[in-house]
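The block underneath contains the structure these notes are about, expressed in structure tokens.
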Amino acid sequence: MEELIRTNNVVTLSFVATLLKEAGIQHFIADENMSVLDGSINALSRRLMVDAERANEARQLLKEAGLGAELREK
């Protein structure tokens, strides 16, 4: 798995998840339930993960959607 995005913005995560789903790219949002532990203050970012074999395709998709600035460095 490769991390594409790390953010607390649930709207961005939802949008990216929808884009990936429509493209047939499986994804996983890690640390999604950690807000329960940090008291819902968003101290811990959520990480959007994709299969390493499709990471470049996912990165290109997000760049085309105007989310290139959200991407984590490789």
Side-chain angles (χ1 to χ4, degrees):
M1 297 295 279
E2 185 174 316
E3 180 181 348
L4 288 187
I5 293 177
R6 183 179 296 192
T7 185
N8 287 325
N9 187 327
V10 294
V11 175
T12 299
L13 285 170
S14 177
F15 180 57
V16 171
T18 299
L19 289 174
L20 294 173
K21 182 178 179 182
E22 288 178 357
I25 301 173
Q26 292 185 353
H27 64 280
F28 173 74
I29 299 177
D31 305 324
E32 191 168 21
N33 296 317
M34 290 303 289
S35 64
V36 172
L37 296 177
D38 73 9
S40 298
I41 60 171
N42 288 327
L44 301 172
S45 298
R46 293 161 180 90
R47 298 173 293 141
L48 189 130
M49 314 290 284
V50 297
D51 185 25
E53 293 177 1
R54 300 208 55 197
N56 288 335
E57 180 184 355
R59 286 179 180 282
Q60 186 60 38
L61 178 68
L62 297 185
K63 286 177 185 175
E64 290 172 4
L67 296 169
E70 297 289 334
L71 292 169
R72 300 282 290 182
E73 295 293 323
K74 283 187 177 182

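Please read these numbers as outputs of a predicted model, since none were measured by experiment. Index from 1, following the sequence.
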Result block: side-chain N/O donor-acceptor pairs under 3.5 angstrom for residues 10-18, not counting sequence neighbours:
from	atom 1	to	atom 2	distance (Å)
Thr12	OG1	Asn9	ND2	3.3
Thr18	OG1	Ser14	O	2.9

Can you give the donor-acceptor pairs under 3.5 Å from side chains of residues 58-73 to other protein atoms, not counting sequence neighbours?
from	atom 1	to	atom 2	distance (Å)
Arg59	NE	Glu2	OE2	3.4
Arg59	NH1	Arg72	O	2.9
Arg59	NH2	Glu2	OE2	3.2
Arg59	NH2	Arg72	O	3.1
Gln60	NE2	Glu64	OE2	3.2
Arg72	NE	Glu3	OE2	3.3

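Minimum interatomic distance between Arg6 and Ser45 (heavy atoms only, all atoms of both residues): CG-CB, 3.3 Å. The heavy-atom pair separating Ala30 from Met49 by the smallest distance is CB-CG, 4.3 Å.
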Practice item. Check the pair Arg46 / Asn8 against side chain to side chain contact (heavy atoms under 4.5 Å, CB included), numbers first and verdict last. Key: CA-CA 6 Å; Arg46 293 161 180 90; Asn8 287 325; 4.0 Å; yes

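Atom CZ of Arg47 is separated from atom CG of Leu4 by 12.0 Å, given to the nearest 0.5 angstrom. Rounded to the nearest 0.5 Å, atoms CD (Gln26) and CE (Met1) are 8.5 Å apart.
For Asn56, the side-chain hydrogen bond (donor to acceptor under 3.5 Å, both in side chains) criterion is met by Lys74, not counting sequence neighbours.
With contacts defined as side-chain heavy-atom distances shorter than 4.5 Å, the pair Val50/Ile25 qualifies.
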